[in-house]
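This report refers to the structure that appears directly beneath it.
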Number of protein chains: 2
Amino acid sequence: MKDVAARAGVGLKTVSRVVNEEAGVTETTIARVQAAIDALGFRRNDSARLLRKGRTASIGLVLEDLADPFYAPLSRAVEEVARAHANLLFTGSSAEDSAREQELVLAFCARRVDGLIVVPASDDHRYLEPEMAAGVATVFVDRPAGQITADEVLTDNAGGVREGVAHLVAHGHRRIGFLGDRPHIHTATERLRGYREAMAAAALPVHDSWVSMGPTAPDRVRSELERMLAGPEPVTALFVGNNRITVTAVRVLARYGRPVALVGFDDFELADLLRPGISVIAQDPALLGRTAARLLFRRLDGAAGPPHRVELSGHLIARGSGEIPPTH
Amino acid sequence: MKDVAARAGVGLKTVSRVVNEEAGVTETTIARVQAAIDALGFRRNDSARLLRKGRTASIGLVLEDLADPFYAPLSRAVEEVARAHANLLFTGSSAEDSAREQELVLAFCARRVDGLIVVPASDDHRYLEPEMAAGVATVFVDRPAGQITADEVLTDNAGGVREGVAHLVAHGHRRIGFLGDRPHIHTATERLRGYREAMAAAALPVHDSWVSMGPTAPDRVRSELERMLAGPEPVTALFVGNNRITVTAVRVLARYGRPVALVGFDDFELADLLRPGISVIAQDPALLGRTAARLLFRRLDGAAGPPHRVELSGHLIARGSGEIPPTH
DNA sequence: CTGAAAGCGCTTACAG
DNA sequence: CTGAAAGCGCTTACAG
């Protein structure tokens, strides 16, 4: 910019005015400055600009896995809202590792993002308190913040599962299994709670052997499923805790002799094309992301007030697998 | 930092030394500075730091759609490589709009990203020449750069399609249709070329009515497919140009009376669980992203030399749909 | 309409 | 071992 000013024979401030299209510069001066800009290939450094301005016009998004079919549309929705507000988006995957989540969040804060959208991997976000106190707007999405109160956009996980389990009960099932993700994940535990509540509401017992919480690794899902189907009190139906597990469960059941009813949490592409179609409790990941991002920008636009909590609800999509009657 | 220095009663440079863990500061001084840092809740501003340092330790990724099941794993792979190099990642979706691609790319450059990974939507990247001349390392991935020479990581699209079409020919098909994406997309045209080459190699004619290039919107795919299946020379097999189209084609064929053979470009989850399983030419999006990112960081580490072009190859996965014999 | 000075928050190059 | 000055590339607040 200094070079441009020198070449155009004007002051720094005048170059700044031209670059920012501020009013009050003569046509001839503009032309002279513009010529110098073109000749020198000058490109304004927005980082320097924003250092002076205070805001960076960027937000950070931390989620579990950018490649996950659930989080990918959420990211895209956040991106669209950020774009509408002329903000750039940093993204990072925590890989379900709380240390990595913190590392990413603090790295974004060190770059002075204006805001943060976080799908927590950690269950303790007190490390964020100084940042939030310093003015970094933060919205938690999909899972609640740990040990602090903050804006949150969540799905009613327990409610969704209750609906799914009640659906299986309505189709005559009494021995219903629950196959979920690791218990330290908030949504996994909430979904388990919904299962227990629905079973209790139907006055049905829950055998320990019908419940399994753990990694979504196919090997584990396979063996746990086989155990539930082979025991002395085999399940005739399953509620499955997320899309990763559903996919594996469907693979296992495809090779199993008897039909087993199944309802999964989270919709997925082609669920309607399988035979039977897979019944699911669907949430809308894009809506989750969009809602969180809008809330974030309302905060950045100055909306004060206590932490806001939005709860979205899932809904049942019946496609066949959840309507299979009990076989024994 | 000024406040910390004042409170600790030291110079600015000493605070800088402590924050950066540079050698040559007394234990007692460190303790005093650290106490001031804690008391004031000081957090270093990396943007300011990097302004002075020259590099921003961030890269930008522009692709078609962050939510697309093909690009999501590519993004994640880029992210992992960036992380290994202690870089932060900006992401943005061009939505197949060349103006939006340019806007994103230039916004990233204005923030002075060190490097750029671009899945082009545009066919003219001359707008990037000043940026590249100014030192922004750039790698194009999945599709080539337009009107400039640059580092590229591509898939051998034509070769993949030749393999797929030859597979259909080997199973006895002579009337094979091609249903592809819009012709201005480089990969779409390359795949069409592979189709024509394979048909020619098998000495088979190609009817105009067997080829359709256009938007992946389900309505269009459906009507074009119905046309190909209903004409006077109906196709008995289809090569389908990408995963978006494949999904719709599978839906349409599921309701069609006669079995139609199908091979699609790009693998997708659950392709093996459909009946029949869907045969595809699979590429590895994560490998594409990883390769591009590694090349980018080699450039950033100083690797000189002319533009480098890497071509990865796809491979056929036979699952049933591509092995259906002709029915008439 | 235009520009010189000070400052955003840090680091570099130097001197003590 | 420590710090004052200058500078990264811009904008703000003023003065003319």
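In what follows, every chain begins at residue 1, and chains take the letters A, B, ... in the order their sequences are listed.
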Is there, by distance only and without an angle test, a donor paired with an acceptor across the side chain of A:R52 and the base of C:dG7 below 3.5 Å? yes
Looking at the base of D:dG3, is there any donor atom on it, or on the side chain of B:R17, that sits under 3.5 Å from an acceptor on the other one?
yes
Worksheet item: Where the side chain of B:R112 is concerned, which of C:dC10, D:dC10, D:dC1 is the nearest nucleotide?
Response: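 For the B:R112 side chain, the nearest candidate turns out to be D:dC10.
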Between [atom2] on [N] and [atom1] on [X], what's the gap in Å once rounded to a whole number?
X	N	atom1	atom2	answer
B:K13	C:dG9	NZ	C1'	14 Å
A:L12	D:dA13	CG	P	17 Å
A:E27	C:dT2	CD	C1'	16 Å
A:R49	D:dT11	CZ	C1'	8 Å
B:R111	D:dG9	CZ	C1'	15 Å
B:D46	C:dC8	CG	P	18 Å
A:F42	D:dG9	CZ	P	10 Å
A:L50	C:dC10	CG	C1'	16 Å

Report the residue (B:T28 or B:L51) whose heavy-atom-nearest nucleotide on DNA chain D is the more 5′ of the two.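 Its nearest nucleotide being more 5', the pick is B:T28.
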For B:V10 and for B:A48, find the nucleotide of DNA chain D with the closest heavy atom, then tell me which residue's nucleotide is more 5'.
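In this pair, the answer is B:V10.
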Taking any heavy-atom pair under 4.0 Å as a contact, classify [X]: base, sugar-phosphate, or nothing.
X	value
A:R55	nothing
B:K53	sugar-phosphate
A:S47	nothing

Answer yes or no: is there an ion pair linking [X] with [Y], defined by an N-O contact shorter than 4.0 Å?
X	Y	answer
B:R182	B:E64	no
A:D65	B:R76	yes
B:D301	B:R299	no
B:E103	A:R83	yes

Answer for the Watson-Crick or wobble partner of D:dG16, both distances under 3.5 Å, is C:dC1
Restricting to non-hydrogen atoms, name the atom on B:C109 and the atom on B:L116 that form the minimum distance, rounded to 0.1 Å.
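Result for this residue pair: SG-CD2, 3.7 Å.
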B:F108 and B:G92 have their tightest heavy-atom pair at CZ-N, 4.2 Å
So, is [X] close to the [N] phosphate, meaning a side-chain N or O under 4.0 Å from OP1 or OP2?
X	N	value
B:K2	C:dC10	no
A:S16	D:dT11	yes
B:N20	C:dT11	yes
B:T14	D:dT2	no

